[in-house]
Structure formats: C-alpha cells, structure tokens
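Take a look at the structure set out below.
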Amino acid sequence: MTLTSLAPQRLGNLLLEKGYLSEDDLHSALERQAQGGRGKLLGEILVDEDYCSEDQIVECLAAEYGVPHAKLDARLFDPKVVDVLPREYIEQNLVLPLFRVRDTLTVAVSEPSNLFLVDEIRGMTDAQVQIVATTAKDIRRMITTLPDSRVFVIDDIIEDSEGTDVTLIEEAIEDIGDVEEIAGQSPVIRLVNYIIFNAVKEGASDIHIEPAERCMRVRYRIDGRLHKSLEVPQHLLPAVTSRIKIMGAMDISERRLPQDGRVNVLLEGRKIDLRVSTFPCAHGEKTVIRVLDTRSISLNLEDLGFAEDILENLQRSICAPNGIILVTGPTGSGKSTTLYAALNAISSMENNVCTVEDPIEYHLPLINQFQVQTKIGMTFSKALRTLLRQDPDVIMVGEIRDEETARTAIQAALTGHLVFSTLHTNNACSAITRLINMGVEPYLIGAALNMILAQRLVRRICAKCTEAYEPPRTIRKALERMGYEFDTFRRGVGCSHCRNTGYKGRIGVHELLVVNDELRDSIVSDSTIGNVREIAMRGGMITLGLDGFRKVREGITTVEEVFQIVGDQKFAMDGK
C-alpha cells in the first residue's frame, strides 16, 4: 500500500490542521517509523494503527497539490473510456480513467504527487490529463468491476423500431464477408442494441429472434409468457444473427450447426449477462438469448414468496450441519434463484461455501464458484470429487444428472457436508424415485436426505388493476371437489402497467417435504411414489395445490394460474 511519498512532517502537519490526527498519535507514528527504518511510509503506519483513515490522508494530499478529491462510484465512471489505457497498466499503477470531455481525460490516481505518471498517461492517450485524488482501495474496488474486452456498452438506443434503421439494407445477403461487414454497421448494431435494451426494460427473461417466411420476428418472454415485440424485414436476419454471434465470440460462418455463446453488456452502468443459443431452422437461424439481470432478482429468502410455515422449515434445514437439500421443478421454475438465496443466507467468513455450476448465473460474495467444463472432461461428478479436497463446509451442485454425481453428493452429505442440488422432477416425492432409478441404493438416500422442495412460478395479479369477480361455476365445482372454498376471487382487469394482461411479476408456489424417521424407513422398505406420498402427507407435507390456493385466497394470484400447475387444465381453460 503506497499512501504518499510526501515528507512525513509535512503530511503530519496537514492532518493536524484538518483535525484528523492528534499530536500524540503523530508523535507515536513518527517514532515507530524511525525505529523501523525506511521500510514503511508514515501514511501506511497511520492507517495500520487506525490513527486516521486512508481517505483522510488522500484528502490532505489533494489539497496540498491543488487537485480535486473524490470518492469513486459508478456515476463518475464512463465505461467507454476504459480501453484508453491497458488493463495491466491500470492495475500496476493504480490509476483509473473516469471520463473524457473533448481533449481532456480525467483520471483517478492514488498518488497525486507522481508527475511522471501524469506525463506517461498523456503520452499514451494523446490527451490532456486532469487528475483527481482518491484512495488506492477505491481504485482497486472499481478495477474489479471493469468490463473485460468482451463487454459491450449499449448506447445509441434507437427510439423507433420502425424507423429508417430497420430498412436501410435492401439487398439480399449471401456472402459471409458481406454479412460480417453489414453486422458491424451502425444500423444493425443499433437494432440489436434496441432489442436487448427493450427486453431489459420490459423485464424479459428471454429474447426469441425467429425467422419466418416474410419477416424476422422478435418475442420476449415476460412473466413466463411470450409476447411479440416487433417484426422487421426477413433479409435483416443474417446480419442481426451475425452481430449477436460476433458479440458472443461465436463462428459466424457456421450456419448449419447449433452454437452457444455468452455476452456481457453494460446497460445504464450495470452489468447484464446474456446467454446465447442459435439453432438452424427452415427459414434461417433462430436465436434465443437468456437475460440474466441481477437487479431484477432478489437473493433474500424472505422476498421469494415462501409461506411462513415453509420458510421456517427451510431456514431450519439450511442451517443443518450435514445432509442433502433438493430443489425440484421444471426448467424456468426458479430453482437456481432459491439455491442462491439459501447460500446467500448462510455464507459467512466462518464457512467455506463452494458451488459447481453450469453455467454460473450470478456471482455471490464469500462463495467459491466453479464452472463445469465438459469439453475438457471437468464434469459435475469430477468437479465435485475434486471440490471435496478443498475443505468445504457447504456444497452446491447445480444439477444431479447421473448416478455418479448423485453418489458423490450423497457420500459428501454422509461425511459431514451440507449439500444443495436440483433435480428435474414434477413434485417432491418423485425426487426419491428419480434417485433410485439412477441406481442409488434406497438406504443411502434415506440416510442422506434432509428436505425436498418442489416449486413453480405463477403470475401475480397486477396491483394497479385488481378487482373482485365471480368465476364460472365450473371453477367453483372443481375447487369444491378438491376441498377448497373461497369467499372472494380476484383478477387483473388489464392496464398499461401490466401490458393489458392483468398480471405483473411472478411468485413462487412451493411443495415442502421434510424427511422424518418414518419416511426414512419407508424409503428403504417401500419407496413407491404412492407410499412415500401417503407417509409424507401424514407427516404434514405442504403440497403445491395447498400453497397455491393459499395465495389465491390472499389475492396474490388467480385460480387459473394455480390450476395450470396442479394439472387441472380442463377447468383452467373453461374458466377463461
């Protein structure tokens, strides 16, 4: 840590004048510096001994050298200037380009006295350099958030999707070189930027760019349903697809095989991850982009829609010293979000929490996250076996896909680790059968399992246009047969806030199975789904239907949404 090369006595006087340091503390620090020789600067000793803060020292230095002093945050930083200096140079010299106005580049430095550094930056950037003083700690923090070379800054968003930018390219595109050239032209870039920007603004989880016979269609998946966004001429499809492939470091010359890629974009100063998948169809390549926007995801268990009794059991289970906790459900049911929230709740400096994922969707503090690399043989099972030699306390396996991964996870649980994972099953009881069908012995499953949580996502009633209504008689009869009675039914009328759908946002519906001693014995002796479910119900299992209809009674969602997840499709359709 280099705080200053200013003469010690001068620095001390500056701190005394500001009232940041007492004379006794200054005398003590100078004595310690003298005893230790020239190994440490005065500023480092003052911070180490907690006599004053690094920020106070930098403030005094800024005043001494006549430069501004600033606390760094994202609002001062323009991502478009990050490339004016090499990343290695920024990290080695603890400097950070902030923004450029005409020919003047403003740079944050931790050593305002280093005039040679200013001259060096001026020569590298061919610009006038204005420095601001800040702490080395702030610069290091900002460096960790810098985009790498594959981060694209989405600016110049087009205002009207039907403007001239969509129709500039009239000729057919045949040659690969032409496609690459056109994909780099501003109109195509702006169109792709608009598609991504609008998806994030609308809260979409996926973007579908689809080839049709006469047009290229763009649809967004919002709250689990696809909605058409725009249609543009079909001849734009190759250029748009190639632009997205270039962003995702994919092969633009390959149109016959599916490809996968990943893109980081900066939008309104924050990072958004995009997972790209292309697939050849009859009229061209279809592209699906999964949008991972951390701002729209809450990683607090209390915010995920758990009923109070389910939340209490879940919080108790994730604090267990060992065992397996499984979260089940189809793709897109929020399993990963639940696991991340659970890990976030128990991570601390005292725990070594490790994950094996494919892919890593969200980066969490205090958690060691490992990416599966199947191309080089680093599968879930192999990564998990290696991870056990890393002295973990808590392990999260992204998904149990095969017998080897299941056995390794169970062995980890039986040897003192708490293991989280997911399975693709329709309900909690089916998870036990699924593990047995994979080849795992029932006695191992019974010994290792602590809890199984099945979940789905249902749409919330829009709070802006909710109203009470009387449903069709078929709905009431179906509920009576299932044992549910309601005094009031609510729905959304539809407004501009919810895109006239009557729904805004989604919430989880959960089925919780806590494994008790009776159920452990049953898994070993008779693990059929019917028997397991009967014992689980006797033990107080909360089913998807029970939790879903509780949310209907509370006016959170509609009865039609719950029918969709409990399988009574007929009555859901009759009630529309």
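Side-chain contact between T386 and F370: absent, with no pair of heavy atoms (C-beta onward) separated by less than 4.5 Å.
R225 has a carboxylate O that lies under 4.0 Å from a charged side-chain N of E561, or vice versa, which qualifies the two as a salt bridge. Salt-bridge formation is detected for the pair R290/D206: a Lys NZ or Arg NE/NH1/NH2 atom is positioned less than 4.0 Å from an Asp or Glu carboxylate oxygen. With respect to E254 and R256, a salt bridge is recorded, a charged nitrogen being found less than 4.0 Å from a carboxylate O. R219 has a carboxylate O that lies under 4.0 Å from a charged side-chain N of E210, or vice versa, which qualifies the two as a salt bridge.
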Exercise for the section: Could you go through the salt bridge (Lys or Arg N to Asp or Glu O under 4.0 Å) check for R538 and E518 one step at a time? Expected result: CA-CA 10 Å; R538 261 200 325 263; E518 183 183 5; 2.5 Å; yes

Problem - Residues S53, D55; criterion side chain to side chain donor-acceptor pair (under 3.5 Å); working and verdict - result: CA-CA 5 Å; S53 69; D55 196 60; 5.4 Å; no

Using a 3.5 Å cut-off and no angle test, enumerate the donor-acceptor pairs between side-chain atoms of residues 443-456 and protein atoms at least two apart in sequence or in another chain.
unit_1 : atom_1 : unit_2 : atom_2 : d
N450   : ND2    : N322   : O      : 2.7
Q455   : OE1    : T338   : OG1    : 2.8
Q455   : NE2    : S333   : O      : 2.8
Q455   : NE2    : G334   : O      : 2.9
Q455   : NE2    : T338   : OG1    : 3.2
R456   : NH1    : N426   : O      : 3.4
R456   : NH2    : N426   : O      : 2.5

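A side-chain contact (heavy atoms from CB on, under 4.5 Å) with T422 is found for one member of L326, V397, L339, I400 and no other, namely L339.
Between the side chain of K551 and the backbone N or O of V509, no donor-acceptor pair lies under 3.5 Å. The main-chain N or O of A249 is never found under 3.5 Å from a side-chain atom of R262 such that the two would form a donor-acceptor pair. Looking at T355, its side chain never comes within 3.5 Å of a backbone N or O of E357 through a donor-acceptor pair.
To the nearest 0.5 Å, atom CE of residue M250 and atom NZ of residue K245 are 6.0 Å apart.
Residue F279 places its CZ atom among 12 or fewer non-hydrogen atoms of other residues, nucleotides or ligands, all under 6.0 Å distant.
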